[in-house]
Amino acid sequence: MGWSQRDGRTESGVRTEPEPVFVELDEDGRRSLLRTETLLVLALSLGASGLSALISFIGSLTKPGGLKDQAATLNGSYAPGRPWLDLAWQLFGIASALVPVLLVAHLLTREGAPGLRVLGFDRTRPWWDLGRGALVAAGIGSAGLAFYLGARAGGFNLTVVPEALPDVWWKFPVLILSALQNAVVEEVIVLAYLLRRLGQLGWSPTAALVASSVLRGSYHLYQGIGGFIGNVVMGVVFVLAYRRWGRVAPLVVAHALLDIVAFGGYALLAGKVGWLPTP
């Protein structure tokens with residue numbers, strides 16, 4: 001729908017606030033509106049992250065030395081030596097990153113859908129979602145770690161540093177919140193929302209799967225070629241699982257568990273085991 005405004009002038013000549021008049025759009029107008037909406041949502045979220053990751057990757061390629069000798073830090077300090085200010089910045093970053101998800105919920109409601117529930121992101125089947133999510137995380141996590149270690153050894157990946165936070169009381173709570181934020185933003189927008197919109201725009205299931213998976217890989221390109229390929233494969237698995245189950249919640253759970261284990265595991269094991277690469 002689009003809208004225009006009436007003049008809003010009364011018979012006495014006193015001007016009032018104009019009232020919006022909603023206009024029904026034809027099919028071409030509706031598709032144009034959805035296309036623009038989708039591009040704007042991506043530009044405000046993970047589409048912009050994909051471009052940023054590409055620029056970062058080009059910088060890494062053109063920097064002297066191999067990729068494995070460079071590091072990509074995922075959760076770093078914003079204010080070293082000032083823990084309370086650092087905490088404020090950490091929480092601000094996590095909260096602001098979730099705004100595009102709220103925008104998606106608002107847009108789906110305006111569409112006439114029940115917000116994020118139409119994507120299967122609700123609490124109606126918590127144990128089912130947790131069980132499926134844990135199984136996906138177990139499979140993806142073990143294969144993903146092996147692939148990362150192989151890609152880095154082959155010189156195709158930077159050394160990924162999941163966390164470089166100071167040893168303060170809020171370290172692990174912030175890492176968990178960061179993992180949850182990543183999971184919600186990525187799976188709601190790049191998986192469920194994008195597939196819904198591409199379907200409404202007439203994309204074939206295969207084209208939509210490729211678009212979602214390549215976008216997922218693109219914003220991990222800052223990690224190197226291995227990060228890109230590994231996340232494209234993960235994207236394919238997640239799209240197939242989402243289409244089979246019709247719910248994004250299990251994939252949010254799976255992603256959150258993967259990140260929690262990666263962030264927390266690195267914090268506990270870095271420098272203590274020989275197989276885990278560190279800068």
Side-chain angles (χ1 to χ4, degrees), residues 1-9 15-55 95-122 124 181-221 231-232 235-236 238-252 255:
M1 285 189 173
W3 63 275
S4 60
Q5 292 182 331
R6 293 196 181 101
D7 179 74
R9 190 181 299 276
R15 191 170 186 83
T16 62
E17 286 295 323
E19 297 178 0
V21 178
F22 289 90
V23 179
E24 291 292 339
L25 298 174
D26 59 18
E27 184 62 21
D28 288 340
R30 189 182 72 85
R31 287 194 175 192
S32 177
L33 192 65
L34 289 179
R35 188 178 301 112
T36 301
E37 172 201 299
T38 305
L39 290 174
L40 288 173
V41 168
L42 294 178
L44 291 170
S45 57
L46 295 165
S49 297
L51 181 57
S52 174
L54 174 60
I55 296 171
S96 59
L98 290 169
V99 172
V101 175
L102 299 179
L103 175 60
V104 165
H106 172 72
L107 292 169
L108 290 171
T109 302
R110 286 177 60 89
E111 178 188 329
L116 298 180
R117 283 183 294 166
V118 75
L119 307 178
F121 189 54
D122 53 35
T124 58
Q181 171 251 299
N182 290 342
V184 172
V185 172
E186 292 188 39
E187 305 317 325
V188 167
I189 294 178
V190 172
L191 182 61
Y193 169 77
L194 185 59
L195 290 180
R196 178 179 178 86
R197 285 294 184 255
L198 293 182
Q200 292 170 328
L201 290 170
W203 286 46
S204 70
T206 300
L209 179 149
V210 171
S212 175
S213 302
V214 170
L215 176 57
R216 185 188 295 269
S218 72
Y219 56 80
H220 289 93
L221 192 56
N231 279 278
V232 168
V236 171
F238 274 36
V239 168
L240 295 177
Y242 175 64
R243 286 177 172 166
R244 179 177 180 83
W245 297 331
R247 291 181 59 77
V248 75
L251 288 317
V252 172
H255 192 146

- Output all residues satisfying salt bridge (Lys or Arg N to Asp or Glu O under 4.0 Å) with E37, sequence neighbours left out; order by chain, then residue number. R197
- Query: So which heavy atom on A211 is nearest to which on W203, and how close?
  - Reply: CB-CZ3, 3.7 Å
- Got F238 and V248 here, is their nearest side-chain heavy-atom distance under 4.5 Å? no
- Query: Can you tell me how far OG of S49 sits from CZ of R216, rounded to the nearest 0.5 angstrom?
  - Reply: 13.0 Å
- Message: Rounded at 0.5 Å granularity, tell me how far OG1 in T109 sits from CG in L116.
- Response: 7.5 Å
- Task: Take W245 and L251 through the side chain to side chain contact (heavy atoms under 4.5 Å, CB included) test and state the conclusion after the steps.
- Result: CA-CA 10 Å; W245 297 331; L251 288 317; 4.2 Å; yes
- Looking only at heavy atoms, the pair that brings A48 and A43 closest together is CB-O, 3.3 Å
- Y193 and V101: side chain to side chain contact (heavy atoms under 4.5 Å, CB included), yes or no, with the steps? CA-CA 9 Å; Y193 169 77; V101 175; over 6 Å; no
- Message: So does V41 get a backbone contact from the side chain of S45, meaning a donor-acceptor N/O pair under 3.5 Å?
- Response: yes
- Is E111 close to V118 at the side-chain level, that is, under 4.5 Å between some pair of heavy atoms? no
- Validation row: L98, V185 side chains within 4.5 angstrom (heavy atoms): yes
- Message: If you define the side chain from C-beta out and look only at heavy atoms, does anything of L42 sit under 4.5 Å from L215?
- Response: yes
- Query: Taking all non-hydrogen atoms of both residues, which atom of P100 and which atom of A97 are closest, and how far apart?
  - Reply: CD-O, 3.3 Å
- Query: Can you tell me if S212 uses its side chain to pair, donor with acceptor, with the backbone of A208 under 3.5 Å?
  - Reply: no
- Task: Could you check N231 against L221 for side chain to side chain contact (heavy atoms under 4.5 Å, CB included), going step by step and ending with a plain yes or no?
- Result: CA-CA 9 Å; N231 279 278; L221 192 56; over 6 Å; no
- Item | Residues that R243 engages under salt bridge (Lys or Arg N to Asp or Glu O under 4.0 Å), provided they are two or more places apart | none
- Nearest heavy-atom approach of S213 to G235 is OG-C, 3.3 Å
- Spacing of CD belonging to Q200 relative to CG belonging to L195, to within rounding of 0.5 Å: 11.0 Å
- So D122 and R247, side chain to side chain contact (heavy atoms under 4.5 Å, CB included) or not? Walk me through it. CA-CA 9 Å; D122 53 35; R247 291 181 59 77; 2.8 Å; yes
- Taken to the nearest 0.5 Å, the spacing of L103 CG from L40 CG works out to 9.0 Å
- Message: Measuring from atom CG of L194 to atom CG of L209, what distance do you get when rounded to the nearest 0.5 angstrom?
- Response: 11.0 Å
